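Working notes, beginning with the structure itself.
A quick note: this is a predicted structure, and the numbers were derived from the prediction, not measured. Ligands are counted one by one from 1 in listed order, and the atoms in each one are counted from 1 as well. Residue numbers run from 1 in the order of the sequence given.
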Amino acid sequence: MITKFRGDEYIMHRNEKNPIITKADFPLETHAVFNCGQTMFEGKTLLLIAAFYKTPVNDSLCGIHVATSDDGVNFEINPEPLFIKDNWHGDCPGSFDNWVIDPRVTKIDDTYYIIRPGQVRGSGPCALLYKTKDFKTAEFVDCVALPANRVPCLFPEKINGLYVRIDRPYNIHCPEEPECIPDTDILRASMWLSYSPDLVFWGHHRPLLYPESVTFSNWKIGPTPPIKTKDGWLEIIHGVWKEDGEFCYSIGAMLLDLEDPSKIIGLLDRWILTPTEPFETDGRVANVVFPCGAIAEEEKDEIRIYYGAADEHIGLAKGKLSELIEAIKNCPAPY
Ligand code: BMA
């Protein structure tokens with residue numbers, strides 16, 4: 001078990017009721033609970049929770065369910081999934097798996113856009129974009145990224161006339177290791193920015209951040225939907241440390257320029273949350289705290305992260321937004 005990052009809490013503090021959601025809270029017999037998309041909707045905290053469960057007709061199925069809460073701690077989970085495997089690929093040949101997890105949600109104007117992975121067997125996941133205004137139904141917009149790319153996260157508004165996204169394609173070799181040839185065992189995964197006039201057609205792709213850019217990641221790094229603050233785009237990230245065949249997933253943060261998000265204003269050189277509690281260190285996949293988003297409220301000076309823990313639970317960590325932003329500003333970007 002990788003323990004090198006353990007230490008006292010830093011900026012983000014766990015809720016005393018953690019884990020606030022577990023497998024047992026699901027309305028179906030569930031054997032895994034993953035990371036959730038998160039947003040405010042009609043004054044409530046809304047989570048999009050992915051779970052693997054058994055049904056009378058399907059031995060193993062995954063779906064994404066809406067859960068809502070008035071107090072941000074006690075959630076009611078809708079037993080009807082908002083997403084299950086669908087036939088977005090039509091009649092095209094190939095094998096498309098059931099991999100309905102890790103949703104990222106961004107509100108743009110009055111519409112909520114959700115991106116989730118669609119697994120293409122043999123090639124890794126591609127990214128599927130949906131939209132909703134009520135979280136009762138979601139309309140498929142398009143497949144917006146080729147495999148292997150499962151995590152595009154949309155900025156909440158256009159910048160200089162274009163939609164922007166931040167994502168993490170896989171099998172990209174790192175410039176620091178030019179001899180590293182991508183293969184199935186080398187998931188050199190970095191973060192990129194892309195731009196689009198309409199959310200469907202994307203281009204002007206540029207790399208932004210590499211796994212080694214932060215101390216707690218040497219394997220993969222990945223994004224969440226950026227949050228607008230007066231100091232810049234707040235970007236909560238995950239980083240994965242790999243050692244002797246084991247992994248440790250931690251959470252970090254950076255700040256991007258409001259006008260030009262390819263400029264990193266600051267990048268925290270350490271984690272803000274790393275697995276320390278038993279529900280984070282033990283489980284279906286051990287040593288995981290993983291974010292698919294965050295909810296920040298400037299007027300309350302608060303940031304909340306609902307994070308997946310060990311692929312069995314959801315935990316809540318809360319911090320002061322101003323403290324997080326000041327800490328990031330004190331860590332200039334490494335390049
Ligand atoms: C990542 C995501 C997370 C998961 C983690 C560990 O790639 O799929 O949902 O928590 O792996 O399994």
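Residue Asp102 has at least one heavy-atom neighbour below 4.0 Å for each of these atoms of ligand 1: 2 (C), 3 (C), 8 (O), 9 (O). The distance from ligand 1 to the heavy atoms of Ile101 drops below 4.0 Å at these ligand atoms: 8 (O).
In this structure, the protein non-hydrogen atom closest to atom 11 (O) of ligand 1 is Tyr249 OH, 3.4 Å. Among protein heavy atoms, atom 9 (O) of ligand 1 sits closest to Asn35 ND2, 2.2 Å. The nearest heavy-atom contact from the protein to atom 10 (O) of ligand 1 is Asp311 OD1, 2.5 Å.
Between the side chain of Thr111 and the backbone N or O of Lys133 there is no donor-acceptor pair closer than 3.5 Å.
Every heavy atom of Phe247 sits 4.0 Å or more from the atoms of ligand 1. The closest approach between Arg150 and ligand 1 falls below 4.0 Å for a heavy atom of the residue.
In this structure, the ring of Tyr130 has its center less than 6.0 angstrom from the ring center of Phe83. Ring pair Phe5/Tyr249: centre-to-centre distance not below 6.0 Å.
A cation-pi contact, defined as under 6.0 Å to the ring centre and within 45° of the axis, is absent between Arg165 and Phe155.
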Checklist entry - Glu312 and Lys23: salt bridge (charged side-chain N to carboxylate O under 4.0 Å, His left out), yes or no, with the steps? => result CA-CA 6 Å; Glu312 290 194 15; Lys23 292 190 295 187; 3.7 Å; yes
